[in-house]
Amino acid sequence: MNAQNNLTENETRPSNFVWDIVDEHNASGRFGGQVITRFPPEPNGYLHIGHSKAISLNFETARRYGGKCNLRFDDTNPAKEEQEYIDGIIEDIRWLGFDWGDKIYYASDYFRQLYEWAVQLIKQGVAYVDHLSADEIREYRGTLTEPGKNSPYRDRSVEENLALFEKMKSGDFKDGECVLRAKIDMASPNINLRDPVLYRILHEAHPRTGNQWCIYPMYDWAHGQSDSIEGVTHSICTLEFEAHRPLYDWFLDQLGIHHPQQIEFARLNLTYTVMSKRMLKQLVDEGHVGGWNDPRMPTLSGLRRRGYTPKAIRDLCDRTGVAKSNGVVEIEHLEHTIRQDLNRHALRRMAVLDPIKVVIVNYPKGLVEEVEMINNPEDESAGTRKAPFSRELYIEREDFMEDPPRKFFRLSPGSEVRLRYAYFIICTGVIKDADGKIVEVHCTYDPETRGGNAPDGRKVKATLHWLSAPHARTAEVRLYDRLFVEPEPGKDFLNALNPDSLTVLGHCYIEPALIDAGLGEHYQFERIGYFCLDPDSTDGKPIFNRTVTLRDTWAKIQQKQA
RNA sequence: UGGGGAGUGGCCAAGUGGUAAGGCACUGGCCUUUGGAGCCAGGUACCGAAGGUUCGAAUCCUUCCUCCCCAGCCA
């Protein structure tokens with residue numbers, strides 16, 4: 001079960017265009033064969049599975065070329081960032097299985113340097129303090145088709161700008177009173193070059209620098225230089241920053257410092273979920289889910305609680321390729337990688353979610369036998385266990401039909417099935433309550449079939465899971481379904497929420513061996529799906545989350561028949 | 001619309017002038033003490049479109065179409 005943190009376990013990682021670029025650099029000697037990358041999250045929310053694509057790409061690129069990957073928090077906006085998120089992000093990346101060495105980097109560590117570089121730009125005559133309001137700046141910026149116009153404050157003297165910027169820093173201005181802007185080109189067809197804002201005034205305490213600063217660098221001003229300071233060679237980011245690259249290059253050129261190569265790739269999107277921190281935060285804040293780690297959330301903490309493994313998530317990242325075209329990966333792909341991992345590693349257990357009682361009428365009253373069960377048919381070393389068998393059992397209600405349709409192989413009057421690892425049984429009748437609801441299924445068993453095989457070689461078409469009624473323990477089981485009913489929820493995502501994304505089964509039965517289940521362990525409930533213990537569990541009341549169902553051929557047959 | 005990107009089977013994605021990998025999904029079959037897993041097989045992909053160059057183009061040229069990103073003192 002610990003193999004999940006072994007990154008080298010049989011992973012096939014196809015090459016990609018990013019590595020082609022690195023190969024070219026290595027061939028030309030552009031960075032002297034060095035490869036340094038970084039994963040730069042903003043601590044304004046929890047990481048989701050989309051981030052794992054960027055995490056994986058950055059760390060794997062560094063590993064592939066014998067370089068290193070820094071974890072750096074882009075903490076330039078104290079209005080939105082919190083220590084809670086920093087801690088969560090660290091935990092999530094560790095859990096995913098990546099290692100960034102002993103140092104954690106923060107953009108806030110570069111505030112002083114960034115400030116000095118801003119002064120340098122002012123002295124070079126390419127930055128100025130602007131007293132236009134936010135609204136005015138927007139108006140002056142022009143539109144996509146019309147050029148902007150210069151701010152009336154654009155041509156202040158170097159001395160005046162220096163003095164004003166100093167006053168900004170020392171707190172002489174209120175929030176929003178003025179900003180520091182780069183003096184580039186208000187008519188540029190690339191809007192990012194129309195005198196972008198470098199610093200804004202924010203009288204706000206920062207999680208790490210406290211009240212040391214009241215001016216904070218904008219992302220665009222901080223990001224490229226942070227990479228430069230760390231000697232990053234390949235600055236891998238998502239597509240939307242492509243148009244910002246000329247701006248970063250402009251800054252680096254003006255400052256005359258190390259130029260990383262920015263490479264943009266398409267972020268990972270999945271069907272039936274949303275991958276935007278803003279939307280996820282809204283789901284949390286408005287109570288549509290139980291929190292950032294709600295098992296229905298695509299957050300790493302949510303997936304972890306749901307029972308997803310780091311291996312499955314890494315596999316998805318490796319197998320969906322790195323490209324520049326924006327696409328949406330079907331959620332089925334993720335379900336495949338988690339099933340593949342869990343099939344190999346999860347211990348098999350018996351659980352009956354929706355029980356119906358079965359009485360073996362010819363089985364001796366009071367007799368209890370022990371049958372041996374295999375813990376994992378995919379892994380002999382997982383061994384076997386013993387389970388009690390008695391006259392009264394529970395089976396899954398849906399495994400019995402009084403009037404079965406075609407191709408229903410399970411239990412029905414007169415039909416013979418196998419109780420896994422136990423006996424063949426034949427249904428001889430049912431007991432119903434006043435409402436006509438079946439409360440008991442009566443069967444006879446064949447003592448010759450102990451263990452599940454008939455000496456005469458006769459076959460059965462179905463094998464059912466079961467529990468000895470007097471020995472069964474109770475548990476709550478939470479079934480999760482996709483959070484949205486639309487493959488691509490879009491802007492109107494709240495209206496696409498799936499009302500049945502969570503089903504709580506309060507009274508299920510589990511086999512005695514499951515009482516010892518621990519957090520972080522993965523189980524297959526035979527014939528049902530994969531489950532794990534939820535942290536909400538208490539001593540007297542275990543709670544299991546369904547990670548994913550088993551592939552269900554019968555469900556498909558039913559759909560076709562309907 | 002100005003600028004920046006992208007278009008290869010249902011979904012991802014290889015391919016970079018020589019006649020379309022692979023994965024997921026799907027469909028058959030085999031096997032099976034999980035209708036799980038596994039194994040085998042399958043889909044005429046006219047490579048966004050139209051022209052052109054070439055003995056030969058998904059790959060080169062031209063034009064066009066569609067989709068995504070940018071007008072935060074967010075990142």
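Every chain is numbered from 1 and lettered A, B, ... according to where its sequence line falls, protein lines coming before strand lines.
Between A/Arg527 and B/G35 there is a side-chain N or O to OP1 or OP2 distance below 4.0 Å. At B/U32, none of the side-chain N or O atoms of A/Thr463 fall inside 4.0 Å of OP1 or OP2 (strictly under the cut-off). A close approach under 4.0 Å does occur between a side-chain nitrogen or oxygen of A/Arg200 and OP1 or OP2 of B/C74. For A/Arg551 and B/A37, the shortest distance from a side-chain N or O to OP1 or OP2 is below 4.0 Å. Neither OP1 nor OP2 of B/U32 sits under 4.0 Å from any side-chain N or O of A/Lys459.
One cannot find a donor-acceptor pair under 3.5 Å joining the base of B/G2 and the side-chain atoms of A/Glu146. Interface remark: the A/Glu240 side chain does not form any donor-acceptor pair with the B/G4 base, using a distance-only criterion of under 3.5 Å. Between the side chain of A/Arg410 and the base of B/G35 there is at least one donor-acceptor pair of N/O atoms closer than 3.5 Å.
Rounded to whole Å, the distance from CZ on A/Arg348 to P on B/G36 is 13 Å. Rounding to whole angstrom units, CZ of residue A/Arg138 and P of B/G72 are separated by 6 Å.
Syn is the conformation of B/G72, whose glycosidic angle sits no further than 90° from 0.
To the nearest 0.5 angstrom, A/Arg314 atom CZ is 8.5 Å from A/Asp318 atom CG.
Under the side-chain hydrogen bond (donor to acceptor under 3.5 Å, both in side chains) test applied with A/His465, the options A/Arg348, A/Glu396, A/Glu526 reduce to a single match, A/Glu396.
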